[in-house]
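To start, the structure under review is shown below, and the notes come after it.
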Amino acid sequence: MALPEYKEKFLKDCVSAGALKFGTFTLKSKRVSPYFFNAGLFHRADLLRSISSAYAHTLKAHGDANPGFEWDVLFGPAYKGIPLAAATVDKLADLDSEKYGKKSYSFNRKEAKDHGEGGNIVGASLKGQKVVIVDDVITAGTAIREAIEIIKKEGGELVGIIVAFDRLEKTPSATDDDDTPRPSAIGEVRRQYGIPVLAILTLDDVVEYLRGLGSADDLKRLDEYRAKYKASD
Ligand code: OMP
């Protein structure tokens, strides 16, 4: 099955920017992975446009397919989420100014401020608002749970999460070499909060893409890794 145009463009940009690399990488979980996704490399203007446009298309496609999916604010957790949320809301307004032109973004301060306007949120207030979190990668889920807590504390309603890449990996276990099926951290968040967690790209998309033009060796290693660590949902 061919990937939608925006996904394929983003995937190609990831590879050309070195944001998606094939080789041998040790993850936070200590798993040795044949690939790594690094969203931090999207700082160049054309690449920031590429990633924010891909987030915007993914959100719009989900909204078009699910008319009940309504939101007011894109929340970018400090620091990595900040430019992503701001650039994505801008791209959404380009895609459909009537629908998205009045949407907002906001982000948290890492350090509490006790003077000036005060408060820990910069940009739109989250109080009483439907909020979507924009983040890069969820692996163990630690960072995303912090962001969820902030939204709750500020009186916002979490209605969705969007990430750039879903590794579709089961959560790590003590031995990590067992064959027990387990969900991913993303699957757990979906179930626990009853919200959609969208991703621009997943490992399945990358495997699909490499089947068309990648090296047979990369593909074999990705296939093996996927079989070993694939999440149950
Ligand atoms: P947690 O969900 O809190 O584990 O955060 C995700 C983290 O995974 C990121 O901050 C990265 O350090 C790391 N990461 C990637 O960014 N890309 C990958 O492909 C894999 C990882 C990882 O270490 O699992």
Side-chain angles (χ1 to χ4, degrees), residues 7 10-43 47-48 50-52 54-55 58 75-85 107-108 110 132-152 158 160-177 182-193 195-210 214 218-219 221-231 233:
K7 276 198 191 202
F10 180 58
L11 222 167
K12 283 183 179 153
D13 288 346
C14 284
V15 175
S16 68
L20 184 61
K21 278 209 162 96
F22 304 100
T24 302
F25 305 91
T26 303
L27 305 182
K28 244 161 94 172
S29 63
K30 303 278 186 291
R31 282 179 189 162
V32 178
S33 169
Y35 76 98
F36 194 82
F37 176 78
N38 180 1
L41 293 179
F42 282 83
H43 49 73
L47 297 173
L48 178 62
S50 169
I51 194 168
S52 56
Y55 277 118
T58 308
F75 181 75
Y79 296 100
K80 284 187 294 182
I82 299 173
L84 301 178
F107 57 90
N108 58 300
K110 285 269 195 184
V132 174
I133 299 175
V134 183
D135 213 344
D136 57 352
V137 185
I138 298 178
T139 303
T142 326
I144 204 77
R145 284 176 198 279
E146 275 175 34
I148 293 172
E149 275 311 303
I150 294 171
I151 291 165
K152 215 163 92 187
L158 179 68
I161 296 172
I162 182 165
V163 296
F165 200 93
D166 184 350
R167 296 182 54 98
L168 301 173
E169 252 170 71
K170 61 183 177 181
T171 50
S173 72
T175 59
D176 213 28
D177 261 339
R182 278 191 305 279
S184 63
I186 284 189
E188 282 177 349
V189 167
R190 262 190 204 116
R191 219 182 355 270
Q192 185 179 348
Y193 298 95
I195 52 161
V197 182
L198 314 175
I200 304 171
L201 289 178
T202 70
L203 175 58
D204 287 346
D205 295 329
V206 176
V207 170
E208 189 71 33
Y209 174 76
L210 285 185
D218 286 339
L219 183 58
R221 287 170 6 106
L222 254 70
D223 261 339
E224 284 166 5
Y225 186 83
R226 183 168 61 162
K228 184 165 179 186
Y229 293 116
K230 186 153 181 77
D233 70 355

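Counting starts at 1 for both ligands and their atoms, in listed order.
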- Message: Tell me which one of N38, T202, V206, D205 satisfies side chain to side chain contact (heavy atoms under 4.5 Å, CB included) with F165.
- Response: V206
- Query: With no hydrogens and no angle check, is any side-chain donor or acceptor of R190 less than 3.5 Å from a backbone partner on P196?
  - Reply: no
- Query: Does an N or O from S29, backbone or side chain, lie closer than 3.5 Å to an N or O of ligand 1?
  - Reply: no
- Item | Side-chain H-bond candidate by donor/acceptor type, R31 with T26, under 3.5 Å | no
- Side chain R221, main chain G23, donor-acceptor under 3.5 Å: yes
- Does an N or O anywhere in I138 fall below 3.5 Å from an N or O of ligand 1? no
- Message: Please tell me if atom 11 (C) of ligand 1 is touched by the protein, where touching means a protein heavy-atom distance below 4.0 Å.
- Response: no
- Message: For atom 14 (N) of ligand 1, which of the options F25, F37, F36 provides the nearest non-hydrogen atom?
- Response: F36
- Of all protein heavy atoms, the one nearest atom 22 (C) of ligand 1 is T139 OG1, 3.6 Å
- Message: Run the salt bridge (charged side-chain N to carboxylate O under 4.0 Å, His left out) test against R182 and tell me which residues pass, sequence neighbours left out.
- Response: D176, D178
- Query: Who gets closest to atom 7 (C) of ligand 1 by heavy atom: R145, E146, K28, K30?
  - Reply: K28
- Decide yes or no on ring pair (Phe, Tyr, Trp, His ring centres under 6.0 Å) for F25 and F37, but give the supporting numbers first. CA-CA 10 Å; F25 305 91; F37 176 78; over 10 Å; no
- Item | G141 N/O under 3.5 Å from ligand 1 N/O | yes
- Apply side chain to side chain donor-acceptor pair (under 3.5 Å) to D233 and list each qualifying residue two or more places apart in sequence or on a separate chain. R191
- Note on the structure: One finds that the ligand 1 atoms under 4.0 Å from a non-hydrogen atom of A143 are 3 (O)
- Looking only at protein heavy atoms, what sits closest to atom 19 (O) of ligand 1 is R167 NH1, 2.8 Å
- Determine yes or no for a side-chain-to-main-chain donor-acceptor pair under 3.5 angstrom, with D136 supplying the side chain and A39 the backbone. no
- Task: From atom 6 (C) of ligand 1, work out which of N38, L20, V137 has a heavy atom at the shortest distance.
- Result: V137
- Going by the 4.0 angstrom heavy-atom rule, the piece of K80 near ligand 1 is side chain
- Item | Enumerated ligand 1 atoms positioned under 4.0 Å from heavy atoms of A140 | 1 (P), 2 (O), 4 (O)
